[in-house]
Student: 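Here it is, the structure in full.
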Amino acid sequence: MVYIKDDIESLDKKLGREVRVCGWVLRQRIVGKIIFWRIVDSTGETQVIFKRGEIPDDLFEKAKKVTLMSAVEIRGIVRPAKTKGGKEIVPKEVTIIPTDPILPIDPLNRTSTLSQRLNYRSIDLRDPKISSIFHIRSLIAQAFREYLLSQGFVEIHTPAISIYSAEGGADVFEVKYFDKTAYLRQSPQLYKQLAVSGLERVFEIGPAFRAEKHWTIRHLCEFTSMDIEVAWINDIQPLLELAEETIKYIFEKLRSEGKKYFDILEKEPPSMPTTPFPVMTWKEAIAIIKDRGIPMEGKDIPPAGERVLYEYVKKRYDSEFLWIVDWPFEVRPFYAMKYPNSETTQSMDLLYRGLEILTGGKREHRYEILKKQMLQKKLRPDFFGYYLEAFKYGFPPHGGWAIGLDRLTMQVLQLDNIREVVLFPRDPGRLEP
RNA sequence: GCCCCCGUGGUGUAGUGGCUAGCAUGUGGGCCUGUCAAGCCCGAGAUGCGGGUUCGAUUCCCGCCGGGGGCGCCA
């Protein structure tokens with residue numbers, strides 16, 4: 001590893017040695033002729049001691065003037081101490097990058113609101129409880145990538161800007177593209193399909209955009225989608241298995257490498273699920289929801305229904321996961337593949353702890369039928385130019401799914417707002433920072 | 001798109017149709033040689049904006065702005 005500084009978590013192995021520790025002042029205590037600093041970096045917390053007689057007087061005076069959340073760099077000797085963490089640093093040289101003493105969020109009591117914390121994320125992230133969320137998020141993405149690479153998948157990077165406007169019902173963001181109007185993608189769907197026709201097994205981790213004014217704790221205008229697409233499948237079974245195995249691999253990693261972050265957050269890592277996950281058809285799910293007296297307006301399952309289903313599988317199968325398969329074409333996109341002579345699609349959603357975290361299915365690969373389904377959805381085939389044409393030239397049967405990284409992270413950590421797991425969330429009211 | 005709730009020092013909050021608008025923490029100054037949510041003394045610091053009702057509004061009413069939540073839609 002390239003040496004940059006001595007991380008606080010590494011100090012236990014460096015007792016008696018000179019180190020260079022960099023971080024932020026979390027607390028300052030003046031006890032007569034001794035000053036203590038509690039400092040934090042992204043790996044932990046430690047204490048710096050300024051003791052008159054032990055260090056030069058000018059260093060003592062400097063230490064006295066520090067304000068909370070100032071950035072500091074300390075060169076000094078690590079020694080054991082009767083303190084939290086069992087060690088302290090005796091400084092030789094200290095650099096302070098002072099903060100404005102009036103802080104916009106409260107770093108000690110953690111009483112600030114989420115909105116205020118998001119405005120000042122760079123301060124917020126100094127709290128180990130906050131940075132742990134992003135370590136866990138990073139591990140989830142890493143595990144996703146590792147598992148799919150191990151299964152012969154290729155990581156791809158498809159455009160976020162394109163001429164194709166609507167693939168589903170969701171509204172899209174318009175972008176000025178020189179003299180044309182382009183759109184931000186709602187998902188990498190169309191491009192991962194085109195890619196799979198040659199690469200056979202692909203995945204992508206990237207942003208997706210929805211111009212919908214939904215003010216909820218589980219929606220954003222920009223979110224991160226972990227997509228896969230696989231060629232040569234004849235039903236959705238391999239898709240279910242791939243998802244189950246991917247999730248198991250992610251959870252294993254969280255339970256091993258992620259343990260320390262769950263400890264900081266005082267939360268339990270997710271328990272290992274047993275596979276296969278319980279499977280229910282859309283019809284069966286609807287029946288249960290109606291049976292519990294939840295009003296059903298359209299054909300999509302409302303949030304209250306998702307919670308009811310969670311209670312149901314938890315009790316009946318002791319599972320936190322539930323597959324819902326065979327959705328009506330009415331609530332799926334034009335590219336969903338129907339069963340023969342049916343308006344039911346070969347598709348699935350996965351609920352985890354009562355929230356939809358994955359959606360996918362088998363895709364229609366037959367040119368004429370795909371075109372017909374576009375018309376059925378009141379989309380104009382001529383707007384889909386080269387995308388649609390590709391299906392004329394030996395397009396393999398295929399399917400795939402996407403996991404919402406933000407939602408999975410939120411559910412794994414049992415947080416109550418998706419904005420907690422996104423560094424700089426985009427919702428209808430937030431375009432900054 | 002619809003509905004509900006909230007807006008008081010930097011931060012988090014209490015309270016009030018009139019009286020010095022209270023508390024915690026931070027912040028400025030002082031005391032203290034082992035603090036670790038340290039303790040003690042002193043100081044500065046607030047009613048989101050606009051309009052209305054009223055002798056008087058931070059409080060009541062309306063609008064705007066900001067924040068939180070639910071529904072719808074969606075993933």
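Naming: A, B, ... by sequence-line order, numbering from 1 per chain.
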Student: To the nearest angstrom, how far is Ile217(A) atom CD1 from G69(B) atom P?
Tutor: 7 Å

Student: So does Asn417(A) get a side-chain nitrogen or oxygen closer than 4.0 Å to the phosphate oxygens (OP1/OP2) of G69(B)?
Tutor: yes

Student: Is there a donor and acceptor pair, one atom on the side chain of Arg117(A) and one on the base of G12(B), closer than 3.5 Å?
Tutor: no

Student: Report the base-pairing partner of C65(B) (Watson-Crick or G-U wobble, both distances below 3.5 angstrom), or none.
Tutor: G7(B)

Student: Let me spell it out: for each of Arg307(A) and Lys65(A), pick the nucleotide of RNA chain B with the closest heavy atom. Which residue's pick is nearer the 5' end?
Tutor: Lys65(A)

Student: Taking the nucleotide of RNA chain B with the nearest heavy atom to each, does Glu222(A) or Pro303(A) sit closer to the 5' end?
Tutor: Pro303(A)

Student: In chain order, what residues pass the side chain to side chain donor-acceptor pair (under 3.5 Å) check against Glu244(A), with sequence neighbours excluded?
Tutor: Trp323(A)

Student: Which whole-number value in Å describes the distance from His219(A) NE2 to G69(B) P?
Tutor: 14 Å

Student: Rounded to whole Å, please give me the gap between CZ in Phe36(A) and C1' in C32(B).
Tutor: 12 Å

Student: Side-chain N or O of Gln116(A) versus OP1/OP2 of U11(B): is the shortest distance under 4.0 Å?
Tutor: yes

Student: Of all residues at least two apart in sequence or in a different chain, which pass the side-chain contact (heavy atoms from CB on, under 4.5 Å) check with Thr246(A)?
Tutor: Phe144(A), Tyr147(A), Leu148(A), Ile250(A), Trp401(A)

Student: Starting at CD of Glu54(A) and ending at P of G34(B), how long is that distance when rounded to a whole Å?
Tutor: 13 Å

Student: Could you measure between the two C1' atoms, the one in G43(B) and the one in G9(B), and give it in whole Å?
Tutor: 14 Å

Student: Checking Thr359(A) against Arg332(A): is there a side-chain donor and acceptor pair closer than 3.5 Å?
Tutor: yes

Student: Checking side-chain polar atoms at under 3.5 Å, does Lys14(A) have a donor or acceptor matched by the opposite partner on Ser10(A)?
Tutor: yes

Student: Taking only side-chain nitrogens and oxygens of Thr113(A), does any of them come within less than 4.0 Å of OP1 or OP2 of G12(B)?
Tutor: yes

